[in-house]
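Working notes, structure below.
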Amino acid sequence: MIRLTLVRPFETSFGRTDARLVPLVRMEADGIAGWGEIVADHEPLFSAETIQTARHVLADCFVPDLLGRTLSSVADVAAALRRFKGHQMAKAGLELAFMDLAARSRGVSIREAIGGTRDRVPVGVSLGIERDIPSLVEQVLAHVAQGYQRIKLKIKPGWDLDVVGAVREAYPTGLLSVDANTAYTLADADHLRRLDAYDLLMIEQPLAHDDLVDHQALQRVLRTPICLDESIVHARAAAHALALGSCRLINIKIGRVGGYTEALGIHDVCQAHGAPVWCGGMLECGIGRAHNLALASLPNFSLPGDISASKRYWARDVITKPFEVAADGTVGVPDGPGIGVEIDEDFLDAITVDRQVFTGR
Ligand code: NPQ
Ligand code: MG
């Protein structure tokens, strides 16, 4: 468990964050180590999981189970954990570490291992709720100047129409989207329809975290495409959402869906349905960010992801070469073995607040 302080607080409709305690998973076999990251927060605000629920299910259920098995692929990890309900972020930590370890031991990058086709991916930035509109507009222009291809604004009741209107004026033609993180209900449909005037790329998760049906009703009256985030916790939910018309796009977060196995499944369900996907973000450190880049190299990731430069969140990242956004708004997908980045072990040790070791046979 490491502790990292954000370079500036990040505020969404559910709360304000200024630091992250990040549980990391290091999985070792035959002298090779693989790394994964768990994207749970200290309170169950984005989803029901927390850092402590992840610690509990890993230590008391998942790790003891895996240590008794022979695991040949990441699909074996997913299959072993399938009988345990929920706890996707905790499961993903294990799948990610296993994927890194497996790819490193074969000497291939995760991108190669999963069939990624791009060596650079287009990226956007997610901007939090600010003190006032001028401060947000300043953030928007600063990030556009850095090359980001898409700006996403966090919205909530009382911080929506005027804010989007002001940003649209300052940024008239660029790709712009909004993310409500479940802050509205279907009773707000008439209010949300007024967002249609701003030519938004999408509105992300306006309604409840576990809803598909009200989103279907809302999408019927909105011209702006709905993108589901919180509601899509596995490939079956993605298939249901697309069949119902609850959304037109989906953001894939490896942590939210339990790892690569479901993430790849959602990618394929969406591709078969002609729905684009993009890679979401959870304020990852360099380890989670490297996994996101590998995932986003797949062909149906056709919209810019929430994969910012390391410096957008961290003064110092846990990898020796922080991720940077090029002037064309892309980030390179690492091509070394596994996640393809080198961990800054000294820095990691310095910010480690807790550690638990589990050993097999
Ligand atoms: C989203 N992420 O797309 C999330 C929400 C989010 C980049 O907008 C701590 C841990 C704080 C995870 C704040 C972005 C968080 C978090 C927001 C995830 O909905
Ligand atoms: Mg979101």
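Read the numbers this way: they start at 1 and go in the same order the structure lists the ligands and their atoms.
The shortest N or O to N or O distance between D179 and ligand 1 is under 3.5 Å. Considering backbone and side-chain atoms alike, N251 places every N or O at 3.5 Å or more from each N or O of ligand 1. Considering backbone and side-chain atoms together, K152 places an N or O closer than 3.5 Å to an N or O of ligand 1. The N/O atoms of T17, backbone and side chain alike, include none that comes under 3.5 Å of an N/O atom in ligand 1. By the 3.5 Å distance cut-off applied to N or O atoms, R20 is not counted among the residues near ligand 1.
Classification of the F301-H267 ring pair by plane angle, with boundaries at 30° and 60°, yields parallel. Between H143 and Y148, the ring planes lie tilted relative to each other; the angle falls in the 30° to 60° range.
Close contacts between ligand 1 and D229 involve ligand atoms 1 (C), 3 (O), 19 (O) [criterion: under 4.0 Å to a heavy atom]. Listed by number with element, the atoms of ligand 1 under 4.0 Å from a non-hydrogen atom of Y313 are 7 (C). For ligand 1, the atoms lying closer than 4.0 Å to a non-hydrogen atom of S126 are 7 (C), 8 (O), 14 (C). Numbered from 1 in the order shown, with element, the atoms of ligand 1 that lie under 4.0 Å from a heavy atom of F46 read 19 (O). Interface atoms of ligand 1 facing T12, defined by a heavy-atom separation under 4.0 Å, are 13 (C), 17 (C).
Nearest protein heavy-atom neighbour of atom 6 (C) of ligand 1: F14 CZ, 3.9 Å. Closest to atom 15 (C) of ligand 1 among all protein heavy atoms lies L283 CD2, 3.9 Å. With hydrogens left out, the protein atom closest to atom 5 (C) of ligand 1 is K154 NZ, 3.7 Å, a heavy atom. Considering only non-hydrogen protein atoms, atom 2 (N) of ligand 1 sits nearest to G281 O, 2.8 Å. Of the protein's non-hydrogen atoms, the one nearest atom 19 (O) of ligand 1 is N181 ND2, 2.7 Å. The closest protein non-hydrogen atom to atom 18 (C) of ligand 1 is M282 SD, 3.5 Å. Protein heavy atom in closest approach to atom 9 (C) of ligand 1: D41 OD2, 3.4 Å. Protein heavy atom nearest atom 1 (C) of ligand 1, with residue, atom name and distance: K253 NZ, 3.0 Å.
For the pair T50 (side chain) and Q52 (backbone), a donor-acceptor distance under 3.5 Å is present. With hydrogens and angles ignored, the 3.5 Å screen pairs no side-chain donor or acceptor of E37 with any backbone N or O of V39. Judged by distance alone, with hydrogens and angles left aside, the side-chain atoms of R312 form a donor-acceptor pair with the main-chain N or O of S126 at under 3.5 Å. Under a 3.5 Å cut-off, the side chain of E49 and the backbone N or O of Q88 do form a donor-acceptor pair. Distance alone, capped at 3.5 Å, places no donor-acceptor pair between the H273 side chain and the A239 backbone.
Considering just the N/O/S atoms of D229, the one nearest the Mg ion (ligand 2) carries the name OD2. Looking at D179 and the Mg ion (ligand 2) together, the shortest N, O or S contact belongs to OD2. Shortest distance from the Mg ion (ligand 2) to E204 is reached at OE2 (N/O/S atoms only).
Contact annotation: Q205 has no heavy atom less than 4.0 Å from any atom of ligand 1.
Crowding of E28 atom CD: a count of heavy atoms from other residues, nucleotides or ligands under 6.0 Å exceeding 12.
Cation-pi geometry between R104 and W35 is not satisfied (NZ or CZ under 6.0 Å from the ring centre, within 45° of the ring normal).
When all heavy atoms of A92 and G259 are compared, the pair lying nearest together is CB-N, 3.6 Å.
L58 and I51 are not part of a single hydrophobic cluster, where members link through side-chain heavy atoms under 4.5 Å apart.
A ring-centre distance under 6.0 Å is found for H291 and Y260.
At a threshold of 4.0 Å, the pair D306-R150 counts as salt-bridged, since one of the basic side-chain nitrogens sits closer than that to a carboxylate oxygen.
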